[in-house]
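Please read the structure below before turning to the comments.
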Amino acid sequence: AVSGMYRLIVADPIRKPSNKSDEACVMVIGIDPEEPFKDNWWLLDMKLGRPQETTFIQWIWDLANKWRVRAVGVEAVSVQVKLVERIKEDFQERAEAEGYCPRVIPIKYLKDFGGVKDEVSKPKRIMRLIWRFEQSKLKFPAPMWGGEKPFSSLLHQIQNFTENLALLDH
């Protein structure tokens with residue numbers, strides 16, 4: 001049951017929404033604690049699009065509140081670090097009225113080789129999930145297979161993934 005899952009949000013913002021920009025994504029994931037699905041990631045809900053920053057923050061709050069997630073991970077690369085701070089402040093203000101505030105955590109992608117830190121490329125970060133697909137450790141909702149947006153968009157991106165990001169649909 002969903003109530004027993006560790007629920008969290010992962011959020012991938014965009015810098016400047018435009019027709020040519022990638023889409024922002026807010027995804028609710030449930031991690032199953034019990035056999036036979038232990039450690040499976042279940043996609044519970046998501047939003048996908050090109051929102052302005054205030055709308056993006058609202059998306060995160062709405063899904064966090066709906067699913068009562070315990071943590072919100074927001075990609076914090078480059079200028080996005082300031083966005084993470086704005087989300088934390090916004091959530092703390094809402095917490096007083098709502099009586100609920102998930103932990104907001106910046107997601108940073110670093111590799112460390114002998115003390116030398118270097119940012120990992122986006123294609124390589126995405127490819128780190130391949131083993132979850134191969135071992136059926138990612139579970140998707142039925143609407144994803146039925147063509148309902150935003151799930152159909154995610155399915156299309158997964159099926160057509162290439163390391164050359166310039167070839168991906170935006």
Side-chain angles (χ1 to χ4, degrees), residues 7-31 41-95 98 101-111 117-130 132-133 138-141 143-170:
R7 294 178 307 280
L8 65 121
I9 284 179
V10 289
D12 183 7
I14 51 178
R15 290 183 190 154
K16 295 181 182 175
S18 74
N19 290 339
K20 294 184 180 183
S21 70
D22 198 1
E23 290 183 300
C25 181
V26 179
M27 186 178 293
V28 180
I29 296 173
I31 302 174
W41 291 4
W42 297 82
L43 173 57
L44 302 174
D45 208 341
M46 70 180 283
K47 291 189 178 280
L48 190 65
R50 295 182 178 92
Q52 296 296 324
E53 183 177 287
T54 54
T55 302
F56 184 71
I57 293 171
Q58 187 65 47
W59 281 5
I60 296 171
W61 177 259
D62 290 345
L63 289 175
N65 198 29
K66 174 182 176 182
W67 291 95
R68 290 297 187 176
V69 301
R70 294 173 59 185
V72 175
V74 182
E75 187 176 57
V77 179
S78 179
V79 299
Q80 296 166 339
V81 173
K82 291 180 182 176
L83 174 61
V84 173
E85 291 306 314
R86 284 192 286 280
I87 292 169
K88 284 182 183 179
E89 291 169 6
D90 183 85
F91 281 21
Q92 288 169 349
E93 289 174 14
R94 293 174 192 246
E98 298 287 333
C101 188
R103 183 173 176 204
V104 178
I105 305 164
I107 298 173
K108 298 180 180 182
Y109 307 98
L110 297 176
K111 58 183 175 181
K117 293 188 177 193
D118 188 18
E119 193 172 313
V120 179
S121 71
K122 188 169 188 168
K124 286 184 180 176
R125 294 192 311 257
I126 295 168
M127 290 179 65
R128 288 179 176 171
L129 294 172
I130 287 176
R132 285 198 170 274
F133 285 98
L138 289 172
K139 306 294 184 184
F140 301 104
M144 186 165 174
W145 309 110
E148 292 181 31
K149 289 190 173 188
F151 302 107
S152 61
S153 297
L154 176 62
L155 180 61
H156 177 78
Q157 289 179 26
I158 291 168
Q159 290 173 330
N160 294 286
F161 177 74
T162 173
E163 286 187 62
N164 184 347
L165 299 182
L167 298 176
L168 296 177
D169 293 339
H170 291 295

Within-4.5 Å side-chain heavy-atom neighbours: Ile31 and Leu8: yes

Reference residue Asp90; test side chain to side chain donor-acceptor pair (under 3.5 Å); the match among Lys88, Arg94, Arg86: Arg94

Interatomic spacing from CG in Leu44 to CH2 in Trp67 - rounded to 0.5 Å: 4.5 Å

Ile14 to Ala24 - nearest heavy-atom pair and separation: CG2-N, 3.6 Å

Minimum heavy-atom distance between Leu48 and Cys25, given as atom pair plus value: CD1-CB, 3.8 Å

Step-by-step side chain to side chain contact (heavy atoms under 4.5 Å, CB included) determination, Val69 to Leu63: CA-CA 8 Å; Val69 301; Leu63 289 175; over 6 Å; no

Counterpart residues, salt bridge (charged side-chain N to carboxylate O under 4.0 Å, His left out), relative to Arg103 (two or more places apart): none

Nearest heavy atoms of Gln52 and Pro17, plus distance in Å: NE2-CG, 3.9 Å

Salt bridge (Lys or Arg N to Asp or Glu O under 4.0 Å) pairs, two or more places apart, involving residues 150-159: none

Minimum heavy-atom distance between Gly49 and Trp59, given as atom pair plus value: N-CH2, 3.6 Å

Lys47 side, atom NZ; Gln58 side, atom CD - distance, nearest 0.5 Å: 9.5 Å

Distance-minimising heavy-atom pair for Ala71 and Ile105: CB-CD1, 4.1 Å

Residue list, ring-ring contact (aromatic ring centres under 6.0 Å, His included) with Trp61, at least two apart or on another chain: Phe91, Tyr100

Reported CD1-to-CD1 distance for the pair Ile29 and Ile9, which is rounded to 0.5 angstrom: 9.5 Å

Distance in Å, Ile87 CD1 paired with Gln92 CD, rounded so as to fall on 0.5 Å steps: 12.0 Å

Any side-chain heavy-atom pair of Ile107 and Val84 under 4.5 Å: no

Flag, side chain of Arg50 to backbone of Ser18, donor-acceptor distance under 3.5 Å: yes

Pro106 vs Val81 side-chain heavy atoms within contact, under 4.5 Å: no

Closest non-hydrogen atom pair between Ala64 and Val72, with its separation: CB-CG2, 4.4 Å

